[in-house]
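Side chains included, hydrogens not; waters and symmetry mates left out as well; all remaining heavy atoms used. Because the structure is a prediction, the values reported are computed rather than measured.
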Amino acid sequence: MTKIKQLINSYSKFITIPWSSDVAAAQRVIFCIYSEKDELRLRARIDEFEIVTRQSGHEWMVFDLTDTFPKWLASQKYAKSYFKKPEHLYTLLPNYLIFIADSFEEFLGVNSHGENSVVALKGVGSLFGLLKVKEVVDKFAPLVRGRLLVFFPGSYENNNYRLLDGYDGWNYHAVPITADKVS
């Protein structure tokens, strides 16, 4: 059985557990953790996560972060100058977080969701070097009434998440799900 199929099975076991509605936003976050080498395989099988979610009686939505940075950068008045001097872009990056948070709020507004919904985030790897996933999750989690599912290409070890295994990670209250188990 492939690692992605094992991850789907672990997620399926978790998502069927009855939900408590009186938990904090940070405790309603689920991280499906997989190797960054499996990104394309995971994307090809996201529909299977939807199937098991719906079979468990939950609604399903997917928000894709993949193209948000180029869309945001293209909307900037001096976008061309940032290509010439990319070091100046870092002073503007807090606005990128505002842009994706606004896009996410708009997405949730268009796609009505309730306490029984799973809102999945894919394309999280595209944040690497731009924003910390923790910042995005902290911004998004309170907006989701159900569960926020983060497809996370990286690792989880000793309560520490590392995106793309590229730099020191962070500790978070989310439920980590790996191909091996629900931690």
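- Residues Phe107 and Val110 do not share a hydrophobic cluster, defined by chaining ILVMFWY side chains whose heavy atoms lie under 4.5 Å apart.
- Looking at Val62 and Lys122, their side chains come closer than 4.5 Å, going by heavy atoms from C-beta outward.
- Between Phe14 and Ile30, the shortest heavy-atom contact is CE2-CD1, 3.5 Å.
- In this structure a side-chain-to-backbone donor-acceptor pair under 3.5 Å is missing from His113 to Gly146.
- Of all non-hydrogen atoms in Leu143 and Phe104, the two that sit nearest each other are CD1-CD2, 3.8 Å.
- Distance OG/Ser103 to CG/Asp67: 11.5 Å, rounded to 0.5 Å.
- Taking CD of Glu115 as the start and OG of Ser20 as the end, the distance is 10.0 Å to the nearest 0.5 Å.
- Rounding to the nearest 0.5 angstrom, the gap separating the CG atom in Asp22 from the CD atom in Gln27 is 9.5 Å.
- The aromatic rings of Phe99 and Tyr96 lie parallel to each other, with less than 30° between the two planes, well short of the 60° mark.
- Summarising the geometry of Ser126 relative to Leu65, their closest heavy-atom pair is OG-O, 3.3 Å, with the distance given to 0.1 Å.
- Ion pairing between a basic and an acidic side chain is recognised when a charged N comes within 4.0 Å of a carboxylate O; Glu50 and Arg54 show such pairing.
- Closest heavy-atom contact between Ser117 and Glu59: OG-OE1, 2.8 Å.
- With Gln76 contributing its side chain and Leu73 its backbone, the two residues share no donor-acceptor pair below 3.5 Å.
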Table please: side-chain donor-acceptor pairs of residues 40-47 below 3.5 Å, with sequence neighbours left out.
residue	atom	partner	partner atom	Å
Arg41	NH1	Lys37	O	3.3
Arg41	NH1	Asp38	OD1	2.8
Arg43	NE	Glu39	OE2	2.8
Arg43	NH2	Thr66	OG1	2.6
Arg45	NE	Glu48	OE2	2.7
Arg45	NH1	Thr2	OG1	3.4
Arg45	NH2	Glu48	OE1	3.1
Arg45	NH2	Glu48	OE2	3.2

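- Transitive grouping of hydrophobic side chains (ILVMFWY, heavy atoms separated by less than 4.5 Å) keeps Ile98 and Leu131 in distinct clusters.
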Evaluate the side chain to side chain contact (heavy atoms under 4.5 Å, CB included) criterion for residues Leu149 and Leu121: first the C-alpha distance (whole Å), next the side-chain angles of each, then the deciding distance (0.1 Å), finally the verdict.
CA-CA 6 Å; Leu149 170 63; Leu121 288 182; over 6 Å; no
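- Considering every non-hydrogen atom in both Val29 and Ala25, the closest pair reads CG2-O, 3.5 Å.
- When all heavy atoms of Val23 and Arg28 are compared, the closest pair comes out as O-NH1, 3.0 Å.
- With rounding to the nearest 0.5 angstrom, the CG atom of Leu148 is 11.0 Å from the CZ atom of Phe63.
- Both Leu93 and Val136 are assigned to one and the same hydrophobic cluster, defined by single-linkage of ILVMFWY side chains at heavy-atom distances under 4.5 Å.
- With values rounded to the nearest 0.5 angstrom, Lys5 atom NZ is found 11.0 Å from Ser10 atom OG.
- Judged by distance alone, with hydrogens and angles left aside, the side-chain atoms of Ser56 form a donor-acceptor pair with the main-chain N or O of Val52 at under 3.5 Å.
- Each of Tyr34, Phe151, Trp60 was scored for a ring pair (Phe, Tyr, Trp, His ring centres under 6.0 Å) with Phe49, with one residue passing: Phe151.
- Note: Tyr11 OH to Thr16 OG1 = 10.0 Å, rounded to the nearest 0.5 Å.
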